[in-house]
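Notes follow once the structure below has been shown.
Worth saying up front: this structure is predicted, and the values here are computed from it rather than measured.
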Amino acid sequence: MADPKGFLTTGREVAESRPVEERKNDWNEVYVPGSLLPIISKQAGRCMDCGIPFCHQGCPLGNLIPEWNDYAYREDWTAASERLHATNNFPEFTGRLCPAPCESACVLAINQPAVTIKNVEVSIIDKAWDNGDVVPRPPERLSGKTVAVIGSGPAGLAAAQQLTRAGHTVAVYERADRIGGLLRYGIPEFKMEKSHINRRIEQMRAEGTKFRTETEIGRDVDAAKLRRRYDAVVIAAGATVSRDLPVPGRELNGIHFAMEYLPLANKVQEGDLTVSPITAEGKHVVVIGGGDTGADCVGTAHRQGAASVTQLEIMPRPGDERAPNQPWPTFPMLYKVTSAHEEGGERIYSVSTTHFEGDEEGNVQSLHLTEVEFKDGRPEPKPGTERTIPAQLVTLAMGFTGTDRSNGLVDQFGLELDARGNIARDAEYATNVDGVYVAGDAGRGQSLIVWAIAEGRSAARGVDRYLTGASELHAPIRPTDRSLTV
């Protein structure tokens, strides 16, 4: 145990954010660089080293949280990094982007603020990079087997790294011009600077993983031919079909899916564009969808100089504390103020968009909405609550409905889908096509980054067993596992 009295003597402290007016003028990460290290050892000391650490249940990766908390408390950063990497290929990603279900399941959180597990995690990995503890780990010998991984998001990268280290020759295919999937073009720079992705890619290259960008399987390469070229294939193409809003006026100019809007802002930061073709500058912006992707649109609009930003959510406003029907250690639905929300804008709950109006040139100018109340689980409009708000740029951030089928990947492989439209797989992550496996959102549906990495690791074990007859790779979850809920 780190500090036996730490949870009694030390209060919770989190990373310090830069002033709003400062960070709105740049795209750097919102936190003050180096602000965690002076406090993080004491924060790690708040871990109770529980007899039954429920944080393990909250995290699908099976992270050894009490162990690396203990090492962080003692400032043994090398040992902490080793324990962290034992279950997680990319802790610098999860430490910045994961909503931390492990903290919701922390035993201390029953009646006190939880241990800052996420902050401890990111401190360990940042220190590991600084100390040179993160190095390539190429295999001692090659198996002679080849694997193609389709998609370079967290699931694909995790599967690729595990299989490369197991001795297989792995090539990752990505349809975009850079590796990273949604990490690269779906996450704004202010949430995670892309240098973190770049150095992981260099580590993987040094280990032997090959990367093929601007290659879309199904369009540029026939999926059936790809299967014949490799001994096994892992599909980690994500759930990239955005949920649409079929209301009158949807066809107007200025209404875009979030994943049309956000990647362009990232391309500006990469130096590919001087100005984004879809910009919020000087416009009244409306973001439809109250989740993390919606918050990313809010923060991006602030940095582009929007005249106003309004975020709409059809569900009621969550409470500030756990609801009775969401007891510990489940992941509760709480009112969350992200860094983007701290920067301004209005959030409106329990409303539904009825239609859009535009000008004579076909550009959106306003949005009509109505308040709703839920009856038998369905939203019903409340009479007399209709109103109009200005909207010159609208982003649709209402989630994703499944894997893209328009490129031919699913049909060319001949893959079966489950009842929810995801690619079906068995207990080993294998599809109905011999040697073809699926990991991440393509098989699970839209989920969290920790589930994606866990799926990539688990699918890698299934592929390794298929290729060699046995595997020592870590498989933290089954395809049927789900988040801890009531």
Side-chain angles (χ1 to χ4, degrees), residues 148-157 159 171-187 211-230 233-247 250-264 266-267 277-278 288-289 291 293 296-297 394-425 429 431-433 436-447 452 455-456 459:
V149 175
I150 303 172
S152 67
L157 291 179
V172 178
Y173 289 83
E174 169 57 53
R175 63 182 178 180
D177 60 346
R178 290 181 177 86
I179 295 297
L182 287 182
L183 294 171
R184 174 74 64 179
Y185 287 129
I187 301 297
F211 294 98
R212 308 279 186 265
T213 56
E214 298 183 284
T215 305
E216 185 169 10
I217 307 304
R219 284 200 173 98
D220 301 317
V221 176
D222 184 270
K225 291 182 179 178
L226 185 81
R227 174 66 191 95
R228 291 193 293 270
R229 188 185 307 173
Y230 290 88
V233 175
V234 178
I235 300 172
T240 57
V241 179
S242 300
R243 181 173 285 107
D244 209 342
L245 183 64
V247 299
R250 168 64 179 89
E251 74 286 352
L252 291 168
N253 300 324
I255 304 174
H256 304 275
F257 290 119
M259 290 311 300
E260 294 173 332
Y261 173 61
L262 294 173
L264 292 172
N266 281 338
K267 281 186 166 291
I278 306 174
I288 302 179
T293 303
D296 294 343
C297 292
V394 178
T395 60
L396 306 179
M398 303 180 297
F400 303 90
T401 61
T403 300
D404 185 3
R405 297 193 62 182
S406 65
N407 59 12
L409 182 149
V410 171
D411 295 329
Q412 289 173 19
F413 271 124
L415 299 168
E416 293 179 356
L417 304 180
D418 63 20
R420 301 182 64 185
N422 303 315
I423 300 174
R425 66 267 184 93
Y429 292 82
T431 69
N432 60 294
V433 179
V436 178
Y437 291 71
V438 63
D441 291 0
R444 175 169 293 270
Q446 180 184 347
S447 191
E455 287 233 347

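- Note: Leu182 CG to Thr240 OG1 = 8.0 Å, rounded to the nearest 0.5 Å.
- Arg425 approaches Val438 most closely through the heavy-atom pair NH1-O, 3.2 Å.
- Shown here is Arg243, whose CZ atom has more than 12 heavy atoms of other residues, nucleotides or ligands within 6.0 Å.
- Separating the CD1 atom in Ile217 from the CD atom in Gln412 is a distance of 9.0 Å, to the nearest 0.5 Å.
- The backbone N or O of Gly180 sits less than 3.5 Å from a side-chain atom of Ser152, completing a donor-acceptor pair.
- You'll find the side chain of Phe211 reaches within 4.5 Å of the side chain of Leu157, heavy atoms only.
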Handout entry: side chain to side chain contact (heavy atoms under 4.5 Å, CB included) between Ile150 and Leu226, worked out
Key = CA-CA 10 Å; Ile150 303 172; Leu226 185 81; 3.8 Å; yes
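- In terms of the side-chain contact (heavy atoms from CB on, under 4.5 Å) criterion, residue partners of Asn407 (sequence neighbours excluded) are, by chain and number, Arg175, Glu216, Arg219, Asp404, Leu409.
- A distance of 10.5 Å separates OH in Tyr261 from CG in Asp296, rounded to the nearest 0.5 Å.
- At distances below 3.5 Å, at least one donor-acceptor pair connects side-chain atoms of Gln446 with backbone N or O atoms of Phe400.
- Leu415 and Val433 get closest at one heavy-atom pair: CD2-CG2, 3.9 Å.
- Between Asn432 atom CG and Leu417 atom CG the span is 9.0 Å, to the nearest 0.5 Å.
- Judged by the 6.0 Å distance and 45° axis criteria, Arg405 is not positioned over the aromatic ring of Phe413.
- Here the side chain of Asp244 pairs no donor or acceptor atom with the backbone of Phe257 at under 3.5 angstrom.
- Closest non-hydrogen pair, Asn422 versus Gly443, comes out as CB-O, 3.4 Å.
- Separation of atoms OH (Tyr173) and OG1 (Thr215) is listed at 7.0 Å; rounding is to 0.5 Å.
- Looking only at side-chain heavy atoms (C-beta outward), Asn266 and Arg184 stay at 4.5 Å or farther from each other.
- Thr431 places no side-chain N or O within 3.5 Å of a backbone atom of Ala424 that could act as its donor or acceptor partner.
- Annotation: side chain of Leu262 is in contact with side chain of Thr293 (closest heavy-atom distance under 4.5 Å).
- A donor-acceptor distance shorter than 3.5 angstrom exists from the side chain of Asp222 to the backbone of Ala224, with no hydrogens or angles considered.
- Atom OH of residue Tyr185 and atom NZ of residue Lys267 lie 3.5 Å apart, to the nearest 0.5 angstrom.
- Nearest approach of Ala258 to Ala397, heavy atoms of both residues: CB-CB, 3.9 Å.
- Of the possible polar contacts, none joining the Asp441 side chain to the Arg444 backbone as a donor-acceptor pair under 3.5 Å is found.
- Looking at heavy atoms from C-beta onward, Arg229 lies in side-chain contact with Val221 at the 4.5 angstrom threshold.
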